[in-house]
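Below you'll find the structure, written out as structure tokens, and then a few comments.
The residues of the chain are indexed from 1 along the displayed sequence. We count ligands from 1, going down the list as the structure has it; atoms in each ligand are counted the same way.
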Amino acid sequence: SALFYVSPLEHDEAEGEMIVMIRDRTEQRQLERMRTDFIANAGHELRTPLASLLGFIETLQGHAKDDPDARAHFLKIMQAQTERMQRLVRDLVSLSALELNERRLPEDDVDLCEIAAVVREMMAPVAERANGEIVPGPSNCSIRMIGDRDQLIQVAQNLIDNALKYGATGSTDRARVHVTVGSGPDHAFEAASSSGDSPDQIAVRAGCAPSDLVYIRVRDEGGGIARTDLPRLTERFYRTDVDKSHPQGGTGLGLAIVKHIVGRHRGGILVESAQGEGAAFTCYFPPRPGPESDLPAGH
Ligand code: ADP
């Protein structure tokens with residue numbers, strides 16, 4: 001329900017009229033609500049690892065003091081937890097920086113194909129450490145849009161990070177990650193469950209034809225995503241049970257950051273998953289107005 005408030009009345013003496021301003025406060029209240037939820041969640045996410053760190057420190061000062069094996073074991077857990085908090089703080093800072101820059105709209109003339117090439121190269125060492133691989137792709141095509149280059153790189157990085165983390169195939173235990181770009185609506189799998197925005201919806205919002213949309217997609221060949229998780233993935237702090245049991249525990253903020261950035265670019269994300277075949281995250285954007293992109297779909 002909309003809540004209205006009447007701002008202080010302004011009296012226009014010259015005209016002898018009163019100006020009454022009525023504003024819809026629903027949106028403002030929702031934003032405030034989101035902000036307090038966000039802070040509460042962030043606090044909770046930090047409090048848990050901190051409490052456990054404190055517990056381990058006490059253990060190390062107590063009975064584990066003279067047991068080298070126990071000491072090494074506890075230190076390892078403490079290191080993993082500290083690293084997780086570090087990621088959490090990094091993601092929180094990214095999100096709030098994004099919100100601060102809200103007013104500055106993306107304005108660079110960027111080429112998604114070049115971004116894909118740069119990110120494949122940047123993420124190669126991460127892939128190696130994760131015992132995964134990023135499949136090579138073309139670097140001499142051109143898919144142009146107006147965007148913020150650094151933010152689009154971050155989108156691709158977050159998606160690749162996830163694909164490496166969650167996309168390992170059952171048989172080889174290695175993740176194979178595909179980063180592709182193209183234009184027009186295009187399915188990642190023959191038969192898949194999906195959630196998020198359909199290209200048609202995205203095109204309506206962006207004010208262009210679906211066939212004009214451009215996209216960057218990150219696909220893996222892992223186990224895919226459970227149907228029940230699909231619609232909630234981009235919520236802040238949402239982590240699936242698979243993630244919670246993962247030693248490299250995530251923050252649940254990676255996809256929220258992706259969604260935020262894609263939204264700022266008037267785009268949308270389509271998440272597709274085919275059981276046992278993998279997951280694909282496709283970020284669609286309106287094209288750069290002007291000359292056509294010179295690459296057909298699916299490259
Ligand atoms: P996190 O920091 O926990 O990875 P994200 O917001 O990036 O947070 O992802 C949210 C959840 O989505 C993760 O907990 C993970 O379970 C799931 N997820 C993300 N990417 C994939 C993928 N490629 N395959 C399977 N599950 C995924």
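- Below 3.5 Å of separation, one finds an N or O of L255 facing an N or O of ligand 1.
- Every atom of ligand 1 is numbered from 1 in the order shown, and the set under 4.0 Å from a heavy atom of L253 is 6 (O), 8 (O).
- Proximity of F281 to ligand 1, defined as any heavy-atom pair under 4.0 Å, is confined to the side chain (atoms from C-beta onward).
- The part of I225 lying near ligand 1 is the side chain, judged by heavy-atom distances below 4.0 Å.
- Nearest-heavy-atom check against atom 22 (C) of ligand 1 across V177, D220, V271, T240 picks out D220.
- Atoms of ligand 1 lying under 4.0 Å from at least one heavy atom of G250, given by number and element, are 1 (P), 2 (O), 3 (O).
- Looking at atom 10 (C) of ligand 1, its nearest protein heavy atom turns out to be Y238 O, 3.4 Å.
- Distance CG/L92 to CZ/R236: 9.5 Å, rounded to 0.5 Å.
- Two residues are said to be in side-chain contact when any heavy atoms from C-beta on lie closer than 4.5 Å; I160 and L164 meet this criterion.
- If you check which protein heavy atom lies closest to atom 17 (C) of ligand 1, you get L233 CD2, 3.9 Å.
- When side chains are defined from C-beta on, M145 does not count as touching P287, because their heavy atoms never get closer than 4.5 Å.
- Here the rule is side chain to side chain donor-acceptor pair (under 3.5 Å) with Y215, and of T180, T282, D186 only D186 fits it.
- Between T251 and ligand 1, at least one pair of N/O atoms sits closer than 3.5 Å.
- If you check which protein heavy atom lies closest to atom 18 (N) of ligand 1, you get Y166 CD1, 3.6 Å.
- Ring geometry for F285 versus H265: interplanar angle over 60°, hence perpendicular rather than tilted (30 to 60°).
- Defined by atom type and a distance below 3.5 Å, a donor-acceptor pair is present between the side-chain atoms of Q81 and S52.
- In this structure, CZ on R149 lies 11.5 Å from CG on D109, to the nearest 0.5 angstrom.
- By the criterion of a heavy-atom distance under 4.0 Å, neither the backbone nor the side chain of R87 is placed next to ligand 1.
- The nearest protein atom to atom 14 (O) of ligand 1, hydrogens excluded, is given as D243 OD2, 2.7 Å; this is a heavy-atom distance.
- By the ring pair (Phe, Tyr, Trp, His ring centres under 6.0 Å) test, F281 pairs with no residue at all, sequence neighbours left out.
- Polar contact check, G252 against ligand 1: a nitrogen or oxygen pair lies under 3.5 Å apart.
- Here R120 does not pair with E133 in a salt bridge; the nearest charged N to carboxylate O distance is not below 4.0 Å.
- Salt bridge R87/D91: absent, no basic N to carboxylate O contact under 4.0 Å.
- In terms of protein heavy-atom proximity, atom 20 (N) of ligand 1 is closest to N162 CB, 3.3 Å.
- Close contacts of ligand 1 with R239, meaning ligand atoms under 4.0 Å from a residue heavy atom, involve 3 (O), 14 (O).
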